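Residue numbering restarts at 1 for every chain, and letters A, B, ... go by the order of the sequence lines. Nothing here was measured: the structure is a model prediction, and the numbers come from that model.
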Protein chains: 2
Amino acid sequence: MADRLSGMDLDMDAMAAVQNVYRAANTIRNHLERTVLAPHDLTWTGWVVLWVVWIWGDIETRHVATEAGISKGTLTGVIGTLEKRGLLTRRVHPDDARRVLVALTAKGRKLMTRLFPMFNTEEARVTSALSANEKTSLARSLRRVVAQVDDFTPPTD
Amino acid sequence: MADRLSGMDLDMDAMAAVQNVYRAANTIRNHLERTVLAPHDLTWTGWVVLWVVWIWGDIETRHVATEAGISKGTLTGVIGTLEKRGLLTRRVHPDDARRVLVALTAKGRKLMTRLFPMFNTEEARVTSALSANEKTSLARSLRRVVAQVDDFTPPTD
DNA sequence: CGGCTAACGTTCGGTCCCAAACAATGCTGG
DNA sequence: CCAGCATTGTTTGGGACCGAACGTTAGCCG
C-alpha cells in the first residue's frame, strides 16, 4: 500500500481516521444486527426508525427521515415494512393533508421496551475496551466531524 | 428522550459513542459520495472495492470481500457492475478453478490515480475540525472497538 | 377567486446488502 | 480410484438505499 501511495501528497491521519470510522460503524452495526436485531427479524434501519418514533412519538415522516439519517424515499419503504408488521401506524396530518404522522402501536412500544435494554447492553459490550473518558472523547470528536461537514452543506431543510 | 428512558438502567456513554460512530460514518460517506464519487458515477462500495484491488492488485475475490467489509454475495454484484464499466477484470485462478482473480484495467488504474488524491483532500477537509492528535486518538479508539468485537466472534475464516 | 410556486410523501430504476441455497471444484482417506 | 467433505463464487429472495420524477395539497399574490 505504501508502494502505491508513495510520491502522492496525502493526509494519512485523515485517511486513517475516516477509514476507521467507517470500519467501526460497520463492525458495530453487524454485531448489533446479529446479536440483538436479527433474532427479532429487525433490520438496522428498521430499528433506528422505530427508535426515533419511540422517542419522539407522533412525529411527521420528514422528521423521522432526518433523525434516522435516510432519504424520504427510503423511509416510505421502511415504514411500509414496519406497518405491515403492525409495529407502527401512519395517518394523515389533521391540519395538512400533505403530511403524514407516524406513531408506534402497542405492539411496537412493547417491543422497544423489551429490546432496548438488550440493545444497550450490547452497546456497552461493544465499547467495553474503552474507558468512560475515551468513550466521551470519542463521541465528542465525532460530533465535531459531523458539525464540520454540516457546515459545508447549507441545510437543505 | 430522557422521559422515555428514565428508570432504565442504561450505559449512556456507550449509547452516545455508538450513535455518534454511526452518524459520523453516514455523514462522511454521504459527503464523499456527493463531492467526489457521484460526479464519476461511483458508489461508495464500488469505490472501496476499486481501492482494495488497486492497492493489492491481482487479488482473490474472497480477500476483496473481507477487506471491503462486505459479503461475498454482495461482492459478486459489485464486481459485475464495475466489470460492466470496464474498470476491472475477472479471471479464473490458474491453479484452482474455484477461485477468481480480480485486477484493475488500465482505465481503472487511471481513474484511481486521478480520483484518489481528490478523495483524500476531501477526507482531510472532513476531519479538519480535529487536531492531528485527535485524529490519531480517534483512529486508535475505533481500532480498539473493532478488535474487541472481533474477539467476540471467532474468525469465520 | 385562480394561477404560481413551494412543500410533502410516494413511486421508480438501479445498486447495494445479507443469509441461505446452490453448483462446481479440489482434497483426502479408505 | 473414488466417495464423502470442505471451499469458493454465484444465484436468489427480501429488504434497504438514493436521486429524480411525480401527484397532491397548501399558501401566496394578483
Novice: What's the closest nucleotide to the B:R29 side chain, out of D:dC18, C:dC17, C:dC8?
Specialist: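 Nearest listed nucleotide: C:dC17.
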Novice: Applying salt bridge (charged side-chain N to carboxylate O under 4.0 Å, His left out), run through A:D150 and A:R143 and close with a yes or a no.
Specialist: CA-CA 10 Å; A:D150 284 347; A:R143 267 193 291 264; over 6 Å; no
Novice: Considering residues at least two apart in sequence or located in another chain, which fulfil the ring-ring contact (aromatic ring centres under 6.0 Å, His included) criterion with A:F116?
Specialist: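 Partners of A:F116 under the ring-ring contact (aromatic ring centres under 6.0 Å, His included) test: A:W51, A:W54.
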Novice: Expressed in angstrom and rounded to an integer, what is the separation of A:I70 atom CD1 from C:dT10 atom C1'?
Specialist: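 Checked: the CD1 to C1' distance equals 14 Å.
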Novice: If you check the A:T74 side chain, which of C:dG9, D:dC18, C:dC17 turns out closest?
Specialist: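 My answer, after comparing the listed nucleotides, is D:dC18.
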Novice: Excluding sequence neighbours, so at least two apart, what forms side chain to side chain contact (heavy atoms under 4.5 Å, CB included) with B:T81?
Specialist: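 Side chain to side chain contact (heavy atoms under 4.5 Å, CB included) list for B:T81, sorted by chain: empty.
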Novice: Which one, C:dC18, C:dT25, D:dG9, comes nearest to the side chain of B:S71?
Specialist: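 Nearest listed nucleotide: C:dC18.
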Novice: Between C:dT15, D:dG15, D:dT8, spot the one nearest the side chain of A:T43, thanks.
Specialist: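 Looking only at side-chain atoms, A:T43 lies closest to D:dG15.
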Novice: Whole angstroms only, please: what is the CG-P distance between B:L37 and D:dC18?
Specialist: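 That distance rounds to 15 Å.
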Novice: Can you tell me the distance, in whole Å, between the CZ atom of B:R34 and the P atom of D:dC18?
Specialist: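 The distance from CZ of B:R34 to P of D:dC18 comes to 9 Å, rounded to the nearest Å.
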Novice: In this structure, how many angstroms lie between the C1' atom of D:dG27 and the CZ atom of A:R99, rounded?
Specialist: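 Rounding to the nearest Å, CZ of A:R99 and C1' of D:dG27 are 11 Å apart.
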Novice: Output the residues of residues 46-65 of chain A in contact with DNA chain D, where contact means a heavy atom of the residue under 4.0 Å from an atom of the strand; sort by number or write none.
Specialist: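 By residue number: none to list.
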Novice: Specify the separation, in whole Å, of atom CG of A:L42 and atom C1' of C:dC18.
Specialist: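 Rounded to the whole Å, the gap is 15 Å.
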Novice: Thinking salt bridges, do B:R91 and B:D58 make one under a 4.0 Å N-O criterion?
Specialist: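 Judged by the 4.0 Å cut-off on N to carboxylate O distance, B:R91 and B:D58 do form a salt bridge.
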Novice: Run the side chain to side chain contact (heavy atoms under 4.5 Å, CB included) test against A:R114 and tell me which residues pass, sequence neighbours left out.
Specialist: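 For A:R114, the residues satisfying side chain to side chain contact (heavy atoms under 4.5 Å, CB included) (neighbours in sequence not counted) are A:H40.
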Novice: Any ring-ring contact (aromatic ring centres under 6.0 Å, His included) pairs touching residues 59-85 of chain B, not counting sequence neighbours?
Specialist: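 Output for this query is empty, none listed.
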Novice: Output the residues of residues 76-95 of chain A in contact with DNA chain C, where contact means a heavy atom of the residue under 4.0 Å from an atom of the strand; sort by number or write none.
Specialist: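 Nucleic-acid contacts, sorted: A:T76, A:R90.
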Novice: Output the rounded distance in Å from CD (A:E33) to P (C:dC17).
Specialist: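 Rounding to the nearest Å, CD of A:E33 and P of C:dC17 are 12 Å apart.
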Novice: With sequence neighbours excluded, what pairs up with A:T105 under the side chain to side chain contact (heavy atoms under 4.5 Å, CB included) test?
Specialist: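 In terms of side chain to side chain contact (heavy atoms under 4.5 Å, CB included), with neighbours along the sequence ignored, A:T105 is linked to A:T89, A:K107.
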Novice: What is the distance, to the nearest angstrom, from the CH2 atom on A:W44 to the P atom on C:dC17?
Specialist: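 For the pair A:W44 CH2 and C:dC17 P, the rounded distance is 16 Å.
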Novice: Is B:R98 side chain donor-acceptor paired with the D:dT7 base, going by distance under 3.5 Å alone?
Specialist: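 It does, because a donor-acceptor pair links the side chain of B:R98 to the base of D:dT7 below 3.5 Å.
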Novice: Heavy-atom nearest nucleotide on DNA chain D for B:K72 versus A:T45: which residue maps closer to 5'?
Specialist: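 Its nearest nucleotide being more 5', the pick is B:K72.
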Novice: How many Å lie between CG on A:L75 and P on D:dC17, as a whole number?
Specialist: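 It works out to 10 Å between those atoms.
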Novice: Using the side chain to side chain donor-acceptor pair (under 3.5 Å) criterion, which residues pair with B:T74? Sequence neighbours excluded.
Specialist: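 Partners of B:T74 under the side chain to side chain donor-acceptor pair (under 3.5 Å) test: B:S71.
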Novice: Report the residues that fulfil ring-ring contact (aromatic ring centres under 6.0 Å, His included) with B:Y22, sequence neighbours left out, ordered by chain and then residue number.
Specialist: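 Once residues adjacent in sequence are excluded, the partners of B:Y22 under the ring-ring contact (aromatic ring centres under 6.0 Å, His included) criterion are A:W44.
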